[in-house]
Amino acid sequence: MPIEFTPWPESEAIRYRNLGYWEDKPLTDILKRSCEKSPNATAIICGERNFTYADMDRLSDNLARSLQAKGLKPYDTALVQLPNIAEFYIVFFALLKAGVVSVNALFSHQRLELISYAEQLHPSLIIASASHPLFASDDFLEDLNRKVPNLEYVLISGDCDYADSLAEYLDSQGHSDELQPTPPGEVAFFQLSGGSTATPKLIPRTHNDYLYSVRRSAEICGLGPHTRFLCALPAAHNFSLSSPGALGVFDSAGTVITAPEPEPMNCFNLVAQHEVNMVALVPPAVSLWLKAAPDHREKLSTLSLMQVGGASFAESVARRVPGELGCQLQQVFGMAEGLVNFTRLDDEDSLVFCTQGYPMCPDDEVRVVDDTENPVAAGETGLLLTRGPYTTRGYYKSPEHNELAFDKDGFYITGDLVQLGSNGYLRVVGRQKDQINRGGEKIAAEEIESLLLNHEAISQAALVAMPDDLMGEKSCAFLVSCDENLRPVLLRKYLRNLGVAQFKLPDKFKFVKKLPLTSVGKIDKRALRNELLKK
Ligand code: OOB
């Protein structure tokens with residue numbers, strides 16, 4: 001059964017095809033094309049291991065065929081959680097080849113996030129890593145099996161005695177019928193939403209829409225076989241996967257070098273060793289790189305392009321990038337739902353340092369509106385709405401939330417407050433959605449508040465952003481509690497035990513007698529944020 005998703009109106013679909021945005025090819029075309037053109041070029045360097053395009057094709061074929069031989073069928077779904085290793089990409093293409101629709105959880109995700117994805121998707125397959133605490137034993141899988149009865153296959157990367165080994169599947173040539181991706185107009189895989197709701201939402205991405213966004217991003221960034229891209233942000237994130245990310249690099253027959261995280265010393269060594277010329281970072285990582293760079297400038301000599309996105313990037317820091325890191329800066333403002341904006345490589349400095357660029361596609365429609373949904377004047381602050389050939393029209397199986405997140409014309413309500421200049425360039429100036437952007441990692445306030453409210457001693461909870469020099473924002477939980485002995489350390493432990501990702505744990509707790517309310521009786525988060533600013 002095809003995977004449900006909200007389609008684009010037929011008239012738009014025809015237009016996007018006529019304009020050449022939708023090629024009606026599967027995402028596997030990325031690998032196919034580069035494999036035909038340069039089978040022996042290095043696609044991935046992962047630690048001591050190198051993989052050519054031919055290797056990637058063969059290994060992903062092996063996995064797809066082995067899974068098919070075991071009984072996995074097109075439109076089955078998979079939950080994948082792998083760190084930044086070559087297998088992440090091989091699995092990604094293998095599942096696409098077999099028509100299995102996957103979601104890639106971040107490696108920082110824990111039990112609650114994985115269970116939520118599994119309950120939404122009912123995966124028949126899990127592929128995970130023994131290096132993640134959840135998969136060190138089969139306890140979590142037993143838990144998951146009770147919640148998701150149709151889970152049939154588990155493949156684990158690394159040492160594991162309770163499930164099949166991913167490495168064996170990659171090595172074995174399972175005989176099976178022709179491999180068939182899902183049709184290009186249908187869902188290829190799911191992206192994760194940063195979210196503002198209690199349950200993290202899944203974003204259906206079709207082959208057509210995603211392939212366009214990858215190819216157009218690669219074109220804007222001038223990618224080619226010469227590109228040597230360091231993937232140091234989570235491989236699954238839309239930025240490092242497709243803007244143009246690793247997929248853009250594969251499409252251009254370049255090389256992806258994987259790093260577990262953006263920590264500067266290791267990354268600098270990788271840049272030097274593998275002659276990296278491009279990297280994508282979030283703002284806090286840039287600050288760490290700037291701090292570490294003076295003693296290691298020579299290691300960065302091949303770096304020519306640094307993309308920065310995911311969270312607000314201070315102009316004062318942006319201006320330091322070319323001089324202190326010796327490379328060109330590109331700002332990227334994107335979202336897993338679709339729309340991605342870039343400053344362009346030939347833009348003048350003032351645009352690169354002070355704006356977040358403009359949309360990649362001439363047919364990306366952006367509207368900046370006020371509280372009454374009327375357009376604001378050029379340069380004025382308003383809420384950004386968007387629709388276009390690669391922006392989703394709805395979250396997976398979320399009719400009620402979709403009513404709120406999309407307007408009647410199908411525009412996605414981003415929740416971002418922006419200014420649109422008369423030159424078409426956007427500046428992100430704030431946020432309306434109830435989310436904390438912790439250095440690019442998104443925390444839905446409601447998700448953490450509802451967990452806190454389940455605590456027997458807490459009667460009211462509000463999670464708000466507080467400014468932080470390095471991360472841009474951190475989170476602060478305001479709580480009303482009847483227990484005077486409740487301590488932050490106990491609350492963190494409580495949340496951790498519930499199985500929530502570490503980055504979502506509040507950085508600070510403030511116990512108050514009551515929470516301020518707005519005139520309509522909602523918790524006044526603006527007042528809470530202002531209170532933090534005063535300190
Ligand atoms: C990227 O994707 P998500 O889905 O993790 O987060 C999207 C949200 C945006 O709505 C905005 O609130 C914020 O992250 N954001 C930025 C930004 N880039 C993203 N805020 C200020 N300045 C920026 N440059 O974060 C993402 C996806 C693709 C490419 C780049 C980033």
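Nothing fancy with the numbering, it's 1 onward along the sequence. Both counts, for ligands and for their atoms, begin at 1 and track the order of listing.
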K.L.:
Test Lys504 against every option in Glu449, Glu441, Glu113 by the salt bridge (charged side-chain N to carboxylate O under 4.0 Å, His left out) rule and name the one that passes.
P.N.:
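Per the salt bridge (charged side-chain N to carboxylate O under 4.0 Å, His left out) rule, the option paired with Lys504 is Glu113, out of Glu449, Glu441, Glu113.
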
K.L.:
Does the plane of the ring in Phe107 sit parallel, tilted or perpendicular to the ring in His132? Use 30° and 60° as the thresholds.
P.N.:
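The arrangement is perpendicular - the two ring planes meet at more than 60°.
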
K.L.:
Between Arg228 and Glu275, is a salt bridge (Lys or Arg N to Asp or Glu O under 4.0 Å) present by the stated rule, with each step listed?
P.N.:
CA-CA 7 Å; Arg228 300 177 72 79; Glu275 302 182 341; 5.0 Å; no

K.L.:
Below 3.5 Å only, please: the N or O atoms of ligand 1 paired with protein N or O atoms, distance on each line.
P.N.:
residue: ligand 1; atom: 4 (O); partner: Ala336; partner atom: N; Å: 2.9
residue: ligand 1; atom: 5 (O); partner: His237; partner atom: NE2; Å: 2.8
residue: ligand 1; atom: 5 (O); partner: Lys442; partner atom: NZ; Å: 2.9
residue: ligand 1; atom: 6 (O); partner: Lys442; partner atom: NZ; Å: 3.0
residue: ligand 1; atom: 10 (O); partner: Asp416; partner atom: OD1; Å: 3.4
residue: ligand 1; atom: 10 (O); partner: Asp416; partner atom: OD2; Å: 2.5
residue: ligand 1; atom: 10 (O); partner: Lys433; partner atom: NZ; Å: 2.8
residue: ligand 1; atom: 12 (O); partner: Asp416; partner atom: OD1; Å: 2.5
residue: ligand 1; atom: 12 (O); partner: Asp416; partner atom: OD2; Å: 3.4
residue: ligand 1; atom: 12 (O); partner: Lys433; partner atom: NZ; Å: 3.4
residue: ligand 1; atom: 14 (O); partner: Lys442; partner atom: NZ; Å: 3.3
residue: ligand 1; atom: 15 (N); partner: Gly310; partner atom: O; Å: 3.4
residue: ligand 1; atom: 18 (N); partner: Gly310; partner atom: N; Å: 3.0
residue: ligand 1; atom: 22 (N); partner: Ala311; partner atom: O; Å: 3.3
residue: ligand 1; atom: 24 (N); partner: Val332; partner atom: O; Å: 2.8
residue: ligand 1; atom: 25 (O); partner: Lys442; partner atom: NZ; Å: 3.0

K.L.:
Any chance the side chains of His122 and Thr77 put a donor and an acceptor closer than 3.5 Å?
P.N.:
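Their side chains do not contain a donor-acceptor pair, so the 3.5 Å distance test is not met.
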
K.L.:
Does the side chain of Ser116 come under 3.5 Å of the side chain of Gln120 through a donor N or O and an acceptor N or O?
P.N.:
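The criterion, which ignores hydrogens and geometry beyond distance, is satisfied for Gln120 and Ser116.
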
K.L.:
Could you grab the distance from atom CE of Met278 to atom SG of Cys327, nearest 0.5 Å is fine?
P.N.:
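Those atoms lie 11.0 Å apart.
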
